[in-house]
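Written below as structure tokens is the structure these notes are about.
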Amino acid sequence: MLFINGKVFIDGSFRERDFAIENGRFAFVGEGHEAEDKEVIDLDGRHVIPGLVDVHTHGSMGADFSDGDYEGLVKMARYLAEEGVTSFAPAGMTLPYEVLAKAFACGRKLHDEMPEGHSRLMGIHMEGPFFSEKKKGAQNGAYLRDPDFEAFEKLQEDCSGLIRIVDVAPELPGAADFAEKASRLATVSIAHTDAEYEDAKAAIDAGASHLTHLYNAMPPIHHRKPGVIGAGSESEKVVAELICDGYHVHPSSIRMAFRLFPERICLISDSLRCCGMPPGKYELGGQDVFLEEGQPARLEDGTIAGSASNVYTCMLNAIEYGIPAETAITAATMTPAREIGADQLIGSIEPGKYADFVICDGLFRPEKVYIGGKPVK
């Protein structure tokens with residue numbers, strides 16, 4: 001199959017290019033390719049971007065990854081595919097290890113089966129239980145634990161190494177040692193923490209290279225207490241997640257984040273099971289959450305629990321808030337792909353990679369989604 005006359009997103013900019021697909025992968029990206037009896041699709045100047053990658057989504061369409069329900073996970077993957085999110089790493093919660101193990105086993109099954117027309121599960125994000133009580137947010141405090149490398153290693157072995165991001169609060173006992181050991185097996189992320197600059201820097205020096213949902217569940221920046229944000233910003237290896245649902249982070253702070261972490265922002269949704277669903281009461285990690293029209297999901301006490309947006313919407317929001325389109329697209333494609341070690345397969349339009357892409361209009365709104373070179377119906 002040959003696509004011609006498109007404005008294709010390549011190496012951080014749009015270029016007039018053709019591309020060919022063979023056996024579910026990009027076979028050619030360039031100019032002047034001969035059709036050779038292939039089916040030819042004229043894009044008529046439309047924009048083409050890589051399929052988006054969400055490395056922090058808990059759920060959608062009434063399903064949550066932590067349920068450990070395979071059919072629910074499939075439903076999530078279908079929803080994401082239809083929205084232009086062609087790969088994902090679902091996030092767990094602060095729950096007992098046996099509950100996490102069951103969910104991770106479902107993740108492994110979906111990864112192995114990779115059903116057609118569904119978003120590819122390319123990893124797992126282990127968000128919890130190694131968090132601070134002070135900054136637990138919507139995580140269930142009953143299951144908080146100090147960093148435990150042996151427990152993490154067992155979960156990692158049981159799901160055949162599919163955990164690609166694991167979170168830890170740097171101020172907890174043994175956090176730096178955990179970061180050093182775990183960073184050999186996954187990306188270590190600082191999260192749900194009340195850490196000061198010194199503890200955060202120690203964790204980064206030990207191996208942490210990611211910040212989970214920047215600004216949220218961590219101390220704010222203070223000129224005498226730069227904290228986690230300051231420590232992360234000054235380390236060129238640290239990538240920061242950012243929720244751009246319009247509620248978790250003010251547009252000015254979003255613009256600030258892209259300046260603090262140049263080329264190191266990873267857009268995420270942090271979506272809950274209420275994503276794609278009507279207002280009402282839902283469940284998250286054993287706690288009730290409530291979704292009202294035009295609001296993020298909240299606990300009963302008003303604490304923001306997560307978003308009801310997918311990462312494609314978050315990317316469009318970032319563009320609306322003044323982030324250059326090319327920068328926002330990279331933050332939702334190649335950057336997250338790198339963070340889960342999948343950038344050789346997804347995240348950009350290059351020969352040899354999965355032919356996962358989105359045809360967009362002039363405002364980057366999705367018109368048609370392709371996974372493995374086949375349209376998602």
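No side-chain donor-acceptor contact under 3.5 Å links Asn5 and Asp44. In this structure, a donor-acceptor pair under 3.5 Å is absent between the side chains of Thr212 and Glu127. When only modelled atom types and interatomic distance are considered, Lys136 and Thr94 share no side-chain donor-acceptor pair under 3.5 Å. Using a 3.5 Å distance cut-off with no hydrogens or angles, the side chains of Tyr79 and Asn310 do pair a donor with an acceptor. Side-chain contact, Ser307 with Ser271: no donor N or O sits under 3.5 Å from an acceptor N or O.
In the hydrophobic cluster analysis, where Ile, Leu, Val, Met, Phe, Trp and Tyr join through side-chain heavy atoms closer than 4.5 angstrom, Met61 is grouped together with Met76. Side-chain heavy atoms closer than 4.5 Å link hydrophobic residues (I, L, V, M, F, W, Y) into clusters, and following such links, possibly through other members, connects Ile265 to Met218. Residues Phe3 and Val29 fall within the same hydrophobic cluster, defined by Ile, Leu, Val, Met, Phe, Trp and Tyr side chains chained together at heavy-atom separations under 4.5 Å. A single hydrophobic cluster is not seen to contain both Ile329 and Val55; linkage of ILVMFWY side chains at heavy-atom distances under 4.5 Å, directly or through other members, places them apart. Hydrophobic cluster membership is shared by Met93 and Ile190, with clusters built from Ile, Leu, Val, Met, Phe, Trp and Tyr side chains linked at under 4.5 angstrom.
Between Glu367 and Arg46 a salt bridge is recorded (basic side-chain N to carboxylate O distance below 4.0 Å). Salt bridge status for Asp158 with Arg108: absent, with no side-chain N to carboxylate O gap under 4.0 Å. One finds no salt bridge joining Glu157 and Lys154 here, because no Lys/Arg side-chain nitrogen approaches an Asp/Glu carboxylate oxygen to under 4.0 Å. At a threshold of 4.0 Å, the pair Arg120-Asp356 counts as salt-bridged, since one of the basic side-chain nitrogens sits closer than that to a carboxylate oxygen. The residues Arg164 and Glu339 are annotated as not salt-bridged, no charged nitrogen and carboxylate oxygen being separated by less than 4.0 angstrom. Salt bridge present: Arg78 and Glu82 bring a charged side-chain N and a carboxylate O closer than 4.0 Å.
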Verdict with reasoning, Phe9 to Phe364, per ring pair (Phe, Tyr, Trp, His ring centres under 6.0 Å): CA-CA 11 Å; Phe9 190 72; Phe364 308 106; 8.7 Å; no
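Atom NE2 of His58 sits about 12.0 Å away from atom SG of Cys275, to the nearest 0.5 Å. Summarising the geometry, atom CD belonging to Glu283 is positioned 8.5 Å from atom OG belonging to Ser66; distances are rounded to the nearest 0.5 Å. Taking CE from Met1 and NZ from Lys374, the interatomic distance works out to 9.0 Å, rounded to the nearest 0.5 Å. Put simply, OG1 on Thr313 and CZ on Arg365 are 12.0 Å apart, with the number rounded to the nearest 0.5 Å. Rounding to the nearest 0.5 Å gives a distance of 9.0 Å between CG of Asp54 and CZ of Phe88. Considering NZ of Lys353 and CG of Leu345, their distance stands at 8.0 Å, rounded to 0.5 Å.
Heavy atoms from other residues, nucleotides or ligands lying under 6.0 Å from CD of Glu263 number 12 at most. Within a 6.0 Å radius of NZ in Lys237, more than 12 heavy atoms belonging to other residues, nucleotides or ligands are found. Crowding of Glu116 atom CD: a count of heavy atoms from other residues, nucleotides or ligands under 6.0 Å not exceeding 12. Within 6.0 Å of CD in Glu236 there are 12 or fewer heavy atoms belonging to other residues, nucleotides or ligands.
Residues Ser189 and Leu211 approach most closely at OG-C, 3.4 Å, considering heavy atoms. In terms of heavy-atom proximity, Ser119 sits nearest to Val85 at OG-O, 2.9 Å.
Phe130 has its ring centre less than 6.0 Å from the ring centre of Phe178.
Of the residues His125, His248, His56, the one that meets the ring-ring contact (aromatic ring centres under 6.0 Å, His included) test with His213 is His56. Remark: of the listed residues Leu242, Val53, Thr335, Thr335 is the sole one forming a side-chain contact (heavy atoms from CB on, under 4.5 Å) with Cys266.
For Asn317, the side-chain hydrogen bond (donor to acceptor under 3.5 Å, both in side chains) test picks out no residue, with sequence neighbours left out.
No donor-acceptor distance shorter than 3.5 angstrom exists from the side chain of Lys225 to the backbone of Pro220, with no hydrogens or angles considered.
A cation-pi contact links Lys109 to Tyr70, judged by a cut-off of 6.0 Å to the six-membered ring centre and 45° from its axis.
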